[in-house]
Amino acid sequence: MIAPGTQLASRYEIVSYIASGGMQDVYKANDSLTGEVVALKTPQAGQTNKRFKQSAILSARISNYNVAKTFDYFEEGNACYLIEEYVDGTTLEAATLDVIPQIDPHLAAYLMLRIAKGLAASHQAQVAHRDLKPSNILVDSNFSAVKITDFGIATLADELFEEIIAKNGDLTRSTSGTVKGALPYMAPEMMFRKPGDLVGCEADIWSLGALMFRLMTGAYPFGEGMMVPVNVEKRQPLSWPRFLTGKAQYTPLSNSIIGIVEKCLVYDKAQRPVALDVVRSCEELCFHFAPREFGVVSEVKWSTGFVTSSRGAKIFYHNDSLYGAAPAKVGSKVVFSAHNGTPFPRAHPIVVCP
Amino acid sequence: MPLIANRYEPTGNASWGGMGELNECEDRNLSRKVMLKRVFKPSDLPRLLDEQKALIRLRSKHVVQLLDVVSFKWNNQDIRCLVLEHIQGTDLDKLNFKADEDYQKTLWQIATGISEIHAAGVIHRDIKPQNIRRDQNGIIKIFDFGLAREAGKDDKTKSITGTIGYMAPELFGTKTISFTAAIDTFSFARTALALLGVQPHNEKPKAIVAGSVIAAQPGLNAEVARTLEACLDMSPAARPPMFEVAKLLGRDLLRDKHRARVGTQKQAYELNASKRTVNLTFKNQGSLSIRYDGYDFKITALTGNVYVNNTKASVGMTMLSACVITIGSAAPRAFVTFDISNPEVMA
Ligand SMILES: Nc1ncnc2c1ncn2[C@@H]1O[C@H](COP(=O)(O)OP(=O)(O)OP(=O)(O)O)[C@@H](O)[C@H]1O
Ligand SMILES: Nc1ncnc2c1ncn2[C@@H]1O[C@H](COP(=O)(O)OP(=O)(O)OP(=O)(O)O)[C@@H](O)[C@H]1O
Ligand SMILES: [Mg+2]
């Protein structure tokens with residue numbers, strides 16, 4: 001633990017500890033040159049500095065609004081540090097999966113477009129992420145910032161992966177926590193790779209498809225744990241829940257997104273779209289993005305109802321706007337976007353939370 | 001030469017400006033090129049500090065990024081350098097443009113950059129093609145903030161500073177002059193014309209005749225031409241704010257690129273540049289027509305009782321995304337959903 005107040009490189013002052021991932025510790029720091037708040041990352045004991053530096057070099061090549069920018073890298077004492085754009089918010093995992101059982105297609109289209117834009121820029125700079133998953137995407141409280149982080153972090157795992165491959169033949173039989181966490185989003189060419197195989201940008205497209213499937217359905221596209229490689233290998237078709245296309249208002253958009261996700265999850269990497277294709281497809285989608293709010297259903301009628309928003313406002317909804325697997329009951333927690341309407345603002349889309 | 005600040009290694013490439021030099025270096029920490037900018041004369045040090053101050057306030061995709069500031073001794077001299085991101089690319093004065101979409105995208109990016117500079121409370125004061133670069137990915141970057149000032153704070157000048165030809169008329173004079181962000185607006189439009197080969201005269205600018213830009217540049221989009229003329233107004237207060245300029249240019253770049261999906265219980269229609277109009281009728285309850293004019297989807301005709309999000313619709317109304325149209329005031333009524341796509345200008 002680095003104590004708050006510690007100065008590093010005569011420039012960065014630790015403000016507070018944020019969290020630790022599988023491989024690094026993350027702190028909030030103040031850049032005394034610019035006065036800006038930044039994220040400071042340092043590898044955990046046991047990680048090699050050489051690989052950490054390599055990942056910093058890779059991520060510093062990318063400059064895009066949807067990628068958390070790498071500002072600086074330095075070594076001091078025996079440790080090394082990476083300075084990254086600070087995102088005031090949380091991970092996409094925490095902002096969606098932890099609180100919303102499945103996101104509506106409008107939010108899905110919006111997120112997919114942003115993530116694909118970040119990927120397109122990094123792939124243009126010839127940098128593949130190789131560990132794209134909801135916990136490596138940072139969002140602010142109303143999703144206006146969507147930023148991929150930990151580009152090149154996968155190089156840190158390379159050593160571990162190589163060891164596992166040398167021992168087990170490939171990654172699929174590993175009991176390592178890091179591998180298990182990554183498997184549900186991992187492309188087949190990564191999971192079944194042999195020593196020396198290079199894994200490229202196509203793997204990120206697979207992961208994008210897998211993470212979209214997960215956010216939209218709440219389920220993993222190929223299951224969890226040891227079932228993932230089995231299901232991927234037998235090219236098990238995706239099973240999309242009925243609710244995605246159960247409401248006329250959402251059916252066309254859902255179908256379009258399903259089409260894009262299925263193309264991303266094609267086994268043969270050469271057949272997948274490139275990131276720029278995904279960007280273009282997402283730009284064709286007719287969707288609306290507005291911030292999401294939480295609330296509680298206060299009244300349910302035949303085909304309509306009312307919600308009390310967390311800010312205390314009375315909001316109208318129509319059943320046609322209700323999306324997802326769960327029905328609305330009085331007292332249900334909901335997440336929605338509010339639109340102008342008379343006499344009450346109108347919720348659309350509206351999704352019931354667990 | 002040893003490493004500067006233990007990480008920057010000069011490559012030997014340098015460019016010279018009016019006041020100092022930029023030395024290309026390899027940053028050993030991140031294996032990338034950076035530019036170290038310094039001034040020659042100690043009396044010009046305030047300019048370097050002004051530049052540092054301005055760049056610290058700015059975080060824009062279209063502004064060169066300040067990475068570090070280093071001080072060191074070299075040949076017994078105290079040297080101070082700004083460490084800037086290295087922009088691989090070409091200064092705009094070395095590029096040829098014609099009045100096409102690429103040109104308009106370039107102007108949109110410059111305008112977006114300047115509007116972000118203004119939003120941060122900074123006035124650049126030296127906008128010209130030589131201080132703007134297009135990088136390898138086609139992204140426009142504005143640099144050289146050596147004359148930059150904080151708006152509303154140190155926005156007075158006694159001497160004539162800037163580059164004649166790009167300088168706004170209010171900057172010419174002998175008294176102390178206060179200026180506003182509108183001086184950059186003027187320089188922006190002058191830059192826009194210079195990119196088309198219309199080089200500025202080396203003198204105080206004169207008023208232009210309305211319509212002369214479009215007359216001289218028939219290839220130019222009329223909306224863009226009008227905007228540029230407004231930016232060249234002799235009166236600073238009459239020039240549009242740069243965020244308006246950026247918005248206008250961006251709006252035009254997205255003309256005809258939107259799609260809308262109109263969904264009834266029975267059928268889904270799509271509106272776009274090749275199918276601009278849809279007519280919706282429900283029993284004898286009412287009807288409406290919606291037309292795409294290249295920018296917006298508007299109601300062009302209407303009979304009976306039609307509501308948009310429960311508000312009575314009227315002819316001329318612009319449709320917003322994610323709304324519900326209701327035809328009829330009592331059952332049986334028709335509900336129609338309306339969603340619009342979100343194209344973005346791709347630089
Ligand atoms: N740039 C940043 N700004 C703000 N918070 C950040 C930033 N980067 C990371 N964090 C926070 O730090 C936490 C840990 O990040 P890290 O990426 O190391 O771990 P992880 O993604 O949870 O795990 P893994 O090691 O499997 O990738 C994140 O969950 C996030 O909340
Ligand atoms: N970040 C950068 N990356 C690459 N080249 C740069 C960068 N900044 C400046 N240059 C190049 O160096 C030249 C001089 O830079 P700059 O305009 O900042 O210097 P200056 O001394 O203020 O010049 P002047 O006073 O003549 O305007 C530019 O025209 C440009 O070609
Ligand atoms: Mg991570």
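Just so we're on the same page: letters track the sequence lines, and every chain starts at 1.
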Just verifying a value: how many Å separate B:Q65 CD and A:F71 CZ, rounded to the nearest 0.5 Å? 5.5 Å
For A:N142, does the CG atom sit with more than 12 other heavy atoms under 6.0 Å from it, leaving out its own atoms? yes
Contact part of A:I83 toward chain B, heavy-atom cut-off under 4.5 Å: side chain, backbone, both or neither? neither
Report the option among A:R61, A:R280, A:K117 that has the most heavy-atom pairs separated by less than 4.5 Å from atoms of chain B. A:K117
Apply side chain to side chain contact (heavy atoms under 4.5 Å, CB included) to the pair A:H288 and B:I340, showing each step before the final yes or no. CA-CA 7 Å; A:H288 181 70; B:I340 306 172; over 6 Å; no
B:F335 meets the ring pair (Phe, Tyr, Trp, His ring centres under 6.0 Å) criterion, sequence neighbours left out, with A:H318
Does the B:R259 side chain pair with the main chain of A:C286, one donor and one acceptor, at a distance under 3.5 Å? no
Atom pair OG/CZ of B:S321 and A:F289 - distance to nearest 0.5 Å: 12.5 Å
Chain B contact via A:D72 - side chain, backbone, both or neither, heavy atoms under 4.5 Å: both
Cut-off 4.5 Å, heavy atoms of chain A, and the answer for B:A322 is both
Crowded around A:N340 CG? As in, over 12 foreign heavy atoms under 6.0 Å? no
Say you draw a straight line from CZ of A:F287 to CG of B:N342; how long is it, rounded to the nearest 0.5 Å? 4.0 Å
If you measure from CG on B:L320 to NE2 on A:H339, what distance do you get to the nearest 0.5 Å? 10.0 Å
Given a strict heavy-atom distance threshold of 4.5 Å, which part of B:R7 is in contact with chain A: side chain, backbone, both, or neither? side chain
Working note: B:D339 + A:L253, criterion side chain to side chain contact (heavy atoms under 4.5 Å, CB included); need CA distance, chi angles, decisive distance, verdict. CA-CA 10 Å; B:D339 285 297; A:L253 183 56; over 6 Å; no
What one should report as the nearest heavy-atom pair of B:N29 and A:K53 is O-CE, 3.3 Å
Here the pair of heavy atoms bringing A:Q249 nearest to B:V324 is NE2-CG2, 4.0 Å
Taking all heavy atoms of B:L30 and all of A:Y73, pick out the closest pair and write down the distance. CD2-CB, 3.6 Å
Most heavy-atom pairs under 4.5 Å with chain B, out of A:A109, A:A60, A:A248, belong to A:A60
Show the nearest heavy-atom pair for residues A:T70 and B:R32, with the distance to one decimal. O-NH1, 4.3 Å
With a 4.5 angstrom heavy-atom cut-off, is it the side chain or the backbone of B:Q52 that approaches chain A, or both, or neither? side chain
Hey, could you give me the OG/CD distance between B:S341 and A:E284, rounded to the nearest 0.5 Å? 7.5 Å
Presence of salt bridge, A:R114 and B:E344, under 4.0 angstrom: yes
Over all heavy atoms of both residues, which pair between B:S31 and A:I57 is shortest? Give the atoms and the distance, please. OG-CD1, 3.2 Å
Using a strict cut-off of less than 4.0 Å between a Lys/Arg side-chain nitrogen and an Asp/Glu carboxylate oxygen, indicate whether A:E36 and B:R59 qualify as a salt bridge. yes
The interface call for A:S256 against chain B, heavy-atom contacts under 4.5 Å, is side chain
When the 4.5 angstrom heavy-atom criterion is applied to A:L285 and chain B, the contacting part is backbone
Within 6.0 angstrom of A:K69 NZ, more than 12 heavy atoms from elsewhere: yes
Identify which part of B:T311 has an atom lying under 4.5 Å from any heavy atom of chain A, answering side chain, backbone, both or neither. both
Is there a side chain to side chain contact (heavy atoms under 4.5 Å, CB included) between B:D68 and A:R11 once you walk through the steps? CA-CA 10 Å; B:D68 199 358; A:R11 178 168 171 183; 3.5 Å; yes
Honestly, the part of A:L113 sitting under 4.5 Å from a heavy atom of chain B is side chain
More than 12 heavy atoms of other residues, nucleotides or ligands under 6.0 Å from NZ of B:K247: yes or no? no
About how many Å separate NE2 of A:H348 and SG of B:C323, when rounded to the nearest 0.5 Å? 9.0 Å
Is any side-chain heavy atom of A:Q124 less than 4.5 Å from a side-chain heavy atom of B:N137? yes
